[in-house]
Participant: 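After the C-alpha cells below, expect a handful of questions from me.
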Amino acid sequence: MRMYDVIEKKRDGFALTREEIDFFIKGYTEGDIPDYQASALCMAIYFQGMTEEERVYLTLAMAHSGDVIDLSNIEGIKVDKHSTGGVGDTTTLVLAPLVASAGVPFAKMSGRGLGHTGGTIDKLEAIPGFSVELQQDDFIRLVNENKLAVVGQSGNLTPADKKLYGLRDVTATISSIPLIASSIMSKKLAAGADAIVLDVKTGAGAFMKTKDEAVELAEAMVSIGKGAGRKTIAVISDMSQPLGRAIGNALEVKEAIQTLKGEGPEDLLDLSLELGSQMVVLGGKASSTKEARDILEQNIDNGKALETFRTFVKAQGGDDRVAEDFSLLPAANHQIPFLARESGYISEIIADEIGTSAMMLGAGRATKESSIDLSVGIVLHKKVGDYVKEGEPILTIHTNQKEIDEVKEKLAHSISVQQEQVKAPVLIHEVIT
C-alpha cells in the first residue's frame, strides 16, 4: 500500500477502507509517513469529508495508536463526560461527585488546560494536598470504593491524535468536522468508558460559534460513539457568556462546592443536573432523565453529593475541610471591583474575551510552558439580562498583579449595557441522541 494512492483516493472523493486508514495512522504515528503527506490527506478530508464508517475507523485507529485503558475491573457501567470547552466551565467538578452519589462509576482521566483557565486537573490541584498521580490499580480501587476518581492523562494516550492535531493547527485543517470529532472521541474511547455524555458548547466562548455547527459536531461524535459500541449522547449548551460566575481555578473549586450545597449559580446547577441526569440514565441507575434528576436533586438537598465530594478529595490526599472552609484555598492578594459606567441591562458578556482577561491575570496558560496562578481570576456579579446601576460592581477581579489597566480595558470592551430589557440566553439548546 502507498500513501500516495490513499491521498489520491480521498482527493477524488472516494471513501477509504479500514485498512487504508489503519495504514495511515500507524505509519504517521511511527514516523514512516512524512508530515507533507499527512497534511495532504488532512486537506483532502477537509474538502471531501468522510462517511460515518470512515469516521469510526479513523477514531478507532487513533484510539489504539497508544495506551488503551482497561476499566473492566470496575463494577457497573462506567460513564465519562467531555466538554468541548468554554469559560467558567466548572461542570466536571460538580458532576463527578454528583453522579457518583447516585451510584454511577465516574472514572475520569483529565488533562491540563491551555487557554483561559486550567483544566480539571489544575483546578483540583488548588485543593491543598490533592494528587492526580495515581497508579492504575489505585485508580480502579478508588472508583470501586467511592464510585469516583480523577487521574492525570496517560503520557501515551492517543499519540496519533497529538501528532495530527499539531499538524492540523499549522495547515488550516483544524475546522474539519470529521477530524475534530475523531480527535475528541479517540481520547474518550482510549480512556475506557462504557458510555459517554458530550457537552457541546456554542456561542462566543465556544469553538463552534453557531448552533448549527455545534449540532453538526454533536451528531458526528454521537454517531462515532455508537459505531464504536459506546452509548453516547450530546447536549448542546450555551457559551455566549461564561457559565456560572467564577473564572479561575480556586474560584471555580469554591463555586463547585457551593453548587453541591445547592447554593451555586442557577445556570451551572441546571447544566450539571441535565448532564448528570443523562449520565445516571446511561449508567443504568434510572429509567428516565426525570427520575435521574429527582435522585440528583435529592442528593444535593440531603448532603450526599457534598459528602461524596469530601470522600473523593480525602481519598486522593486532599484536605476535605475545604468543603466548609474556603480560606484553605489559594486566594489572590487583591480583589478589585469593576464598576458599571452606566445604568441599564447587561446585554452582552463576551465569553472568550472574559476568558482571555482571566488568562492575562495568570489563571490560564498561553503556552504549555506557562505557569498558572491558581488563586487569580474573575467573579461575575451580573449576567446577561440583569440590571446594573452606575457605579455598581459588575464583577470582581482577583489578582496578584499591581497593574491591570490592560485587563480592565479588555473587560470594558467585553461587556455591554443597554436601556432596553434583555432576555437571558437559552442555556440548553438541544439533546442529540
Side-chain angles (χ1 to χ4, degrees), residues 6-7 9-18 20-22 24-25 28 38-63 65 80-86 89 114-115 158 160-191 196-240 352 428-433:
V6 175
I7 296 167
K9 186 176 179 181
K10 178 46 65 179
R11 181 202 69 189
D12 294 342
F14 296 101
L16 301 178
T17 65
R18 184 169 196 160
E20 287 167 332
I21 290 172
D22 287 346
F24 163 59
I25 291 298
Y28 186 56
S39 301
L41 184 59
C42 286
M43 191 61 76
I45 291 169
Y46 181 91
F47 284 113
Q48 296 291 0
M50 295 184 105
T51 65
E52 287 189 14
E53 280 190 334
E54 283 180 290
R55 294 175 185 186
V56 172
Y57 297 153
L58 178 60
T59 305
L60 288 170
M62 291 200 296
S65 65
D80 198 359
K81 165 258 178 190
H82 176 80
S83 168
T84 57
D89 190 9
L114 273 177
T158 62
D161 177 58
K162 291 184 180 73
K163 281 193 77 173
L164 268 180
Y165 190 90
L167 189 70
R168 288 165 52 214
D169 195 30
V170 294
T171 57
T173 52
I174 284 288
S175 56
S176 159
I177 293 292
L179 296 177
I180 298 169
S182 59
S183 172
I184 293 170
M185 292 301 293
S186 65
K187 292 189 280 287
K188 294 293 104 182
L189 298 183
I196 303 160
V197 172
L198 302 159
D199 180 13
V200 182
K201 306 290 190 184
T202 181
F207 186 67
M208 295 298 172
K209 302 298 181 189
T210 69
K211 182 188 168 187
D212 287 348
E213 289 174 332
V215 168
E216 186 182 0
L217 176 60
E219 288 177 342
M221 291 193 292
V222 168
S223 172
I224 288 171
K226 292 190 172 182
R230 304 294 201 279
K231 299 176 183 177
T232 310
I233 284 176
V235 175
I236 311 294
S237 68
D238 179 70
M239 190 47 75
S240 59
D352 52 355
I428 297 168
H429 294 282
E430 198 172 333
V431 177
I432 307 291
T433 59

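Just so we're clear, the structure is a prediction, and the values are computed from it rather than from any experiment.
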Participant: Near Tyr46 OH, under 6.0 Å, is it more than 12 heavy atoms from other residues, nucleotides or ligands?
Facilitator: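 For Tyr46, atom OH is not crowded (no more than 12 foreign heavy atoms under 6.0 Å).
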
Participant: Indicate the atoms forming the closest heavy-atom contact of Leu189 with Leu60, along with that distance.
Facilitator: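 Reported closest heavy-atom pair: CD1-CD2, 3.9 Å.
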
Participant: Is there a donor-acceptor pair under 3.5 Å between the side chain of Arg55 and the backbone N or O of Glu53?
Facilitator: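 No, the answer is negative, given that no donor and acceptor are paired below the 3.5 Å cut-off.
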
Participant: May I ask you to decide if Ile45's main-chain N or O and Gln48's side chain share a donor-acceptor pair within less than 3.5 Å?
Facilitator: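 No: the side chain of Gln48 does not pair with the backbone of Ile45.
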
Participant: With no hydrogens and no angle check, just 3.5 Å: does a side-chain donor-acceptor pair link Thr210 and Asp212?
Facilitator: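 No pair is found: no donor N or O on one side chain lies under 3.5 Å from an acceptor on the other.
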
Participant: Which residues pass the side-chain hydrogen bond (donor to acceptor under 3.5 Å, both in side chains) test with Lys188, not counting sequence neighbours?
Facilitator: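 So Lys188 forms a side-chain hydrogen bond (donor to acceptor under 3.5 Å, both in side chains) with Asp80.
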
Participant: For the pair Lys211 and Asp238, find out whether any cationic side-chain nitrogen is under 4.0 Å from an anionic carboxylate oxygen.
Facilitator: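 A salt bridge is absent here (no side-chain N lies under 4.0 Å from a carboxylate O).
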
Participant: For Tyr57, does its backbone N or O pair with a side-chain atom of Thr59 as donor and acceptor, under 3.5 Å?
Facilitator: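 No, the answer is negative, given that no donor and acceptor are paired below the 3.5 Å cut-off.
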
Participant: Just verifying a value: how many Å separate Glu219 CD and Glu52 CD, rounded to the nearest 0.5 Å?
Facilitator: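 Rounded to the nearest 0.5 Å, the CD-CD separation comes out at 9.5 Å.
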
Participant: Search all heavy atoms of Ile21 against all heavy atoms of Leu58 and return the closest pair with its distance.
Facilitator: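 What the structure gives for the nearest pair is CG2-CA, 3.6 Å.
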
Participant: Considering non-hydrogen atoms only, spot the tightest contact between Ala190 and Thr158 and give its length.
Facilitator: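 So the two residues come closest at CB-CG2, 3.9 Å.
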
Participant: For Thr202 and Met239: C-alpha separation, side-chain torsions, deciding distance, then whether side-chain contact (heavy atoms from CB on, under 4.5 Å) applies.
Facilitator: CA-CA 5 Å; Thr202 181; Met239 190 47 75; over 6 Å; no

Participant: Quick one: OG on Ser186 to OH on Tyr165, what's the gap to the nearest 0.5 Å?
Facilitator: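 Reported value, rounded in 0.5 Å steps: 12.5 Å.
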
Participant: Which heavy atom in Val56 sits nearest to a heavy atom in Ala228, and how many Å separate them?
Facilitator: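 What the structure gives for the nearest pair is CG1-N, 4.3 Å.
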
Participant: Out of curiosity, Glu20 CD to Phe14 CZ, how far, rounded to the nearest 0.5 Å?
Facilitator: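 Answer rounded to 0.5 Å: 11.5 Å.
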
Participant: Return the CD1 to CD distance between Ile236 and Glu430, rounded to the nearest 0.5 Å.
Facilitator: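 Result: 6.5 Å between the selected atoms.
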
Participant: Run the numbers on Ile432 and Val215 for side-chain contact (heavy atoms from CB on, under 4.5 Å), then give the verdict.
Facilitator: CA-CA 8 Å; Ile432 307 291; Val215 168; 4.2 Å; yes

Participant: Any carboxylate oxygen within less than 4.0 angstrom of a Lys/Arg side-chain nitrogen, looking at Glu54 and Lys10?
Facilitator: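 Salt bridge flag = yes for Lys10 with Glu54.
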
Participant: How long is the gap from CD1 on Ile184 to CG on Leu217, to the nearest 0.5 Å?
Facilitator: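 With rounding to 0.5 Å, CD1 (Ile184) is 5.0 Å from CG (Leu217).
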
Participant: Would you check if the side chain of Glu213 reaches a backbone N or O of Lys209 as a donor-acceptor pair within less than 3.5 Å?
Facilitator: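 Yes.
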
Participant: Working to the nearest 0.5 Å, report the span between CG of Leu167 and OG1 of Thr173.
Facilitator: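 Taking CG in Leu167 and OG1 in Thr173, the distance rounds to 6.5 Å.
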
Participant: List in chain and number order the residues that pass side-chain hydrogen bond (donor to acceptor under 3.5 Å, both in side chains) with Ser237, two or more places apart in sequence or in another chain; answer none if no residue qualifies.
Facilitator: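 For Ser237 the side-chain hydrogen bond (donor to acceptor under 3.5 Å, both in side chains) partners, ignoring immediate neighbours, are Asp199, Lys201.
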
Participant: Under 4.5 Å between any side-chain heavy atoms of Met208 and Thr84, yes or no?
Facilitator: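 In short, these two side chains do not touch, never coming nearer than 4.5 Å.
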
Participant: Okay, side chain of Lys81, backbone of Ile196: is any donor-acceptor separation there less than 3.5 Å?
Facilitator: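 No, the answer is negative, given that no donor and acceptor are paired below the 3.5 Å cut-off.
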
Participant: For a 4.5 angstrom cut-off between non-hydrogen side-chain atoms, does Val222 reach Ile233?
Facilitator: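 Val222 vs Ile233: side chains apart.
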
Participant: Show me the donor-acceptor pairs, under 3.5 Å and distance only, between side chains in residues 174-182 and residues at least two apart or in other chains.
Facilitator:
from   : atom 1 : to     : atom 2 : distance (Å)
Ser182 : OG     : Pro178 : O      : 2.8
Ser182 : OG     : Leu179 : O      : 3.3

Participant: Cut-off 3.5 Å, side chains only: do Ser183 and Asp161 have a donor facing an acceptor?
Facilitator: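 Yes, because at least one side-chain N or O of Ser183 sits under 3.5 Å from a partner of the opposite role on Asp161.
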
Participant: Could you tell me whether the side chain of Leu164 reaches within less than 4.5 Å of the side chain of Ile25, counting heavy atoms only?
Facilitator: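 Ile25 vs Leu164: side chains touch.
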
